[in-house]
Novice: 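Below is a structure I'd like to ask you about.
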Protein chains: 2
Amino acid sequence: MSKTTITGTRSESVRLMNQSVVLRAVHLAGESSRSMLVPATGLTRGAVGTIVGDLVDLRLLEEERAGSDGSPGRPSTLVRPSPRAVVVAFDIRVETVAVGVFTLGGHRLAATRISRDHDRGPEHTVDEVATIARGLLELLPPDTVVHGVGAAVAGLVRQHDQLVVSGPNLGWRDVPIGALLRDRLGADVHVAVGNDGDLGALAETRRGAAVGLADVVYLSGEVGIGGGVIAGGRPLTGSAGCSGEVGHIPVNPDGLPCNCGSSGCWETEAGDHALLRRVGRSDEIGTAAIEAVVHDAEAGDAAVLAALDEHARWVAFGLAGVMNTFDPDLVVLGGTLARIHPYIAEAVDRELDRRVFDVIRAHARVVPSELGIDAMLTGAAEWAWESVLTEPPRAASGVAASTILRRSA
Amino acid sequence: MSKTTITGTRSESVRLMNQSVVLRAVHLAGESSRSMLVPATGLTRGAVGTIVGDLVDLRLLEEERAGSDGSPGRPSTLVRPSPRAVVVAFDIRVETVAVGVFTLGGHRLAATRISRDHDRGPEHTVDEVATIARGLLELLPPDTVVHGVGAAVAGLVRQHDQLVVSGPNLGWRDVPIGALLRDRLGADVHVAVGNDGDLGALAETRRGAAVGLADVVYLSGEVGIGGGVIAGGRPLTGSAGCSGEVGHIPVNPDGLPCNCGSSGCWETEAGDHALLRRVGRSDEIGTAAIEAVVHDAEAGDAAVLAALDEHARWVAFGLAGVMNTFDPDLVVLGGTLARIHPYIAEAVDRELDRRVFDVIRAHARVVPSELGIDAMLTGAAEWAWESVLTEPPRAASGVAASTILRRSA
DNA sequence: CGGGTTTGTCGCAGCCTTGGAGAAACCCGC
DNA sequence: GCGGGTTTCTCCAAGGCTGCGACAAACCCG
């Protein structure tokens, strides 16, 4: 049960907060100059100077004397994320798994995606991704420091013990994914696990279609419909960290049974299965089947287009509820919803015009994802960085990449 | 469009934040001792001492040397909210309007509720409530200071201009309620306006069934179904301040038209009209009609009980979506939903067991409101205090009650 | 009257800000 | 091409504010 607590600020935490603010600013904006950080953080030149110094000492940032940029005045020192400070990100979804290494600032140094073996358990999946991660780390300079591990999982993640409580589409149940990854990569590495929808939302607000926006809803449609919400600039977590499961809003009293145990959930009407059902291909599954539908739509197949129109109405039916609930700046559609967006956008908009409050509709746009399939992986990296971003001195407990290589060998 | 900004902490703002923390602690806990405030705020004795001194100077708190309380040691100085520091709260709903005066700490000094004249416009309503407020203030000591005005309105409130954009059940549209109240009470008084559901949620987390909980959903069923959400300890606002309209989640593709322009909204299936329709009394409206239904249920009327059972399924149908969306600690039912709770609780629970994820269901309870009809008024007071709680020095710009009496005469 | 507890006060350390000196680049006029 | 003026940035020392810790005093109880 989550409780609210209020805590006073002690003077030592002022420095901590300002380190966090400066580091976050560089992380979000990428390479900056000291003088750009002054207005961005609201601190003075002096404070920025010492704090950047701290962060350089922690090997999180690098400074470089800049050459002239053509403008008058002395050029400001450049500040950039260190390319030796990285996190490892995992994206574990139904059909594929992906591994990536990301620097502070969100630059992707390397990434691999492979198809997932459905028949074997979570341990096998963890072994596989850990092996890939090792392979990626081997290619990096030996002084690279891993500051954390992030994992996006297509299932409900209970935050306090990082347990995948339920991943119906993965076939997982009560999988201690956080502990498994930690065991496989070294007990002292910091692991952050999140729901795929939540991390997709995080990624799109940091690196994608919703950069800088405070109220964002992300919808991923892979097999089911996952959701993630950024509210007031912060990820919505809920009591156990399981919020944002908008795919399981009941929308059809006469609907089909859902994997979750309920029936008539939004994802049973607006997910992949529903789409394939509507085009009369209930026996097919997976990305290939969806691609075939998109291909036929592109070719102008009237039956498919009609099915997409019907599908759009269901997408909008649920989306209207989500928008009236959250009053977002932006709704980002990922996965299948992004893929079919061109063919459903008009019908969705029409339905939303009718069902969403005018005040909300007036400013809320619905756009396809910018990050596409990489949203979750990017989000996992952002999630992994979060711990260092809030408390930069933790960077001191980062683990040398070489240590992880020895451990997992 | 809401944007995220990050700002560094300057040393002067530390004091501000700590004043806010101490004041908030006293506001929430009521009379405390200095020594109790030390663990509650995480500050040291010295800091608490000087900060309490500041707040006493601002006439927000009072100190009193305590007598012995039986425990060993020197009794700690008592700290309590000043009974002279008040806010005025308004609750404007469909059938009635209410006015109250609340001290810091949430104590209600006086309150009045009258029925609302449906046929006259918002200006008339504002005149009426302002007159009542004047009457209540006249009864208070002349050195009373009004630190703000809060209003709960049964409609969508756009925060940036405090406009009631849409209050279909009130018959209001684009009413500048904030400006009207300010004009009527004096231009220098701080006015905070909020949606009734949002303020109900605030009230229940501060003074009602959800005290101290971080993730709470409040549902008010008067004519429609209003909602309010506290997420991560903070009220969910959304981009324009119009979030939490869960009553307008579409739940029935074949549903009836809704006042909002859509159809099949949750409130068309779980609101008062739907209940009366199910018991075959579509021609009746209002609290009296609902009371009659409750009376018949109490008497064991089989048809009414069956209708309530059907109603319960619709209540749970929408509620399941809300719970999967927010993963709350607690759902608080207000208004009609609280009134009929005894007759629907079992059926609602059964349906939720089936439709809500187990992890969420395991900790989320559904309870009737503790504050009842006063929830919105209490929430309006809390909302009014919010500005002073965040920045205590603003108390210096409170307005003497006598000034308001002169102004509005 | 002694033990235990709480409070107030004082010096110390940490953090940020201010303001001035100095450095580095640009522009312009000679 | 060169030097002065301008702009912008960095660095440094002084100053103010804050919270922290330790001590002594105040207070209650047995």
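Chain naming here is simple, since letters A, B, ... match the order of the sequence lines and numbering starts at 1 in each. Note that these values count all heavy atoms, side chains included, but never hydrogens, waters or copies made by symmetry.
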Novice: Rounding to an integer number of Å, can you tell me how far A:M17 CE sits from C:dC16 P?
Specialist: 11 Å
Novice: Given atom CE of A:M36 and atom P of D:dC9, what is their separation to the nearest angstrom?
Specialist: 11 Å
Novice: Please determine whether a side-chain nitrogen or oxygen atom of B:T50 lies at a distance below 4.0 Å from atom OP1 or OP2 of D:dT18.
Specialist: no
Novice: In whole angstrom, give the distance that lies between atom CG of A:L16 and atom P of C:dC15.
Specialist: 10 Å
Novice: If I take atom CD in residue B:Q19 and atom C1' in nucleotide D:dT18, what distance separates them, rounded to the nearest angstrom?
Specialist: 12 Å
Novice: Taking any heavy-atom pair under 4.0 Å as a contact, classify A:R45: base, sugar-phosphate, or nothing.
Specialist: base
Novice: Which one is paired to C:dG29, where only Watson-Crick or G-U wobble pairs with both distances under 3.5 angstrom count?
Specialist: D:dC2
Novice: Does OP1 or OP2 of C:dT5 have a side-chain N or O of B:R34 closer than 4.0 Å?
Specialist: no
Novice: If you compare all heavy atoms of B:V229 against all heavy atoms of B:A201, which two are closest, and at what distance to 0.1 Å?
Specialist: N-CB, 4.0 Å
Novice: Is it true that B:E370 and B:R207 make a salt bridge, defined as a side-chain N closer than 4.0 Å to a carboxylate O?
Specialist: no
Novice: Choose from D:dG19, C:dT6, C:dC16 the nucleotide whose nearest atom is closest to any side-chain atom of A:N18.
Specialist: C:dC16
Novice: Separation of A:L43 atom CG from D:dT10 atom P, in whole Å?
Specialist: 14 Å
Novice: Please state whether the phosphate of C:dT17, meaning OP1 or OP2, lies under 4.0 angstrom from any side-chain nitrogen or oxygen of A:T44.
Specialist: yes
Novice: With salt bridge (charged side-chain N to carboxylate O under 4.0 Å, His left out) as the rule and sequence neighbours excluded, what pairs involving residues 26-40 of chain A come up?
Specialist: A:E31-A:R80, A:R34-A:E63
Novice: Between D:dC9, C:dT17, D:dC20, spot the one nearest the side chain of B:A47, thanks.
Specialist: D:dC20
Novice: Mind calculating the distance between CG (A:L78) and P (C:dA25) to the nearest angstrom?
Specialist: 12 Å
Novice: According to the salt bridge (charged side-chain N to carboxylate O under 4.0 Å, His left out) rule, which pairs have a member within residues 43-52 of chain A, sequence neighbours left out?
Specialist: none
Novice: Checking contacts here: which listed nucleotide (D:dG19, C:dT6, D:dT10) is nearest the side-chain heavy atoms of A:T77?
Specialist: D:dT10
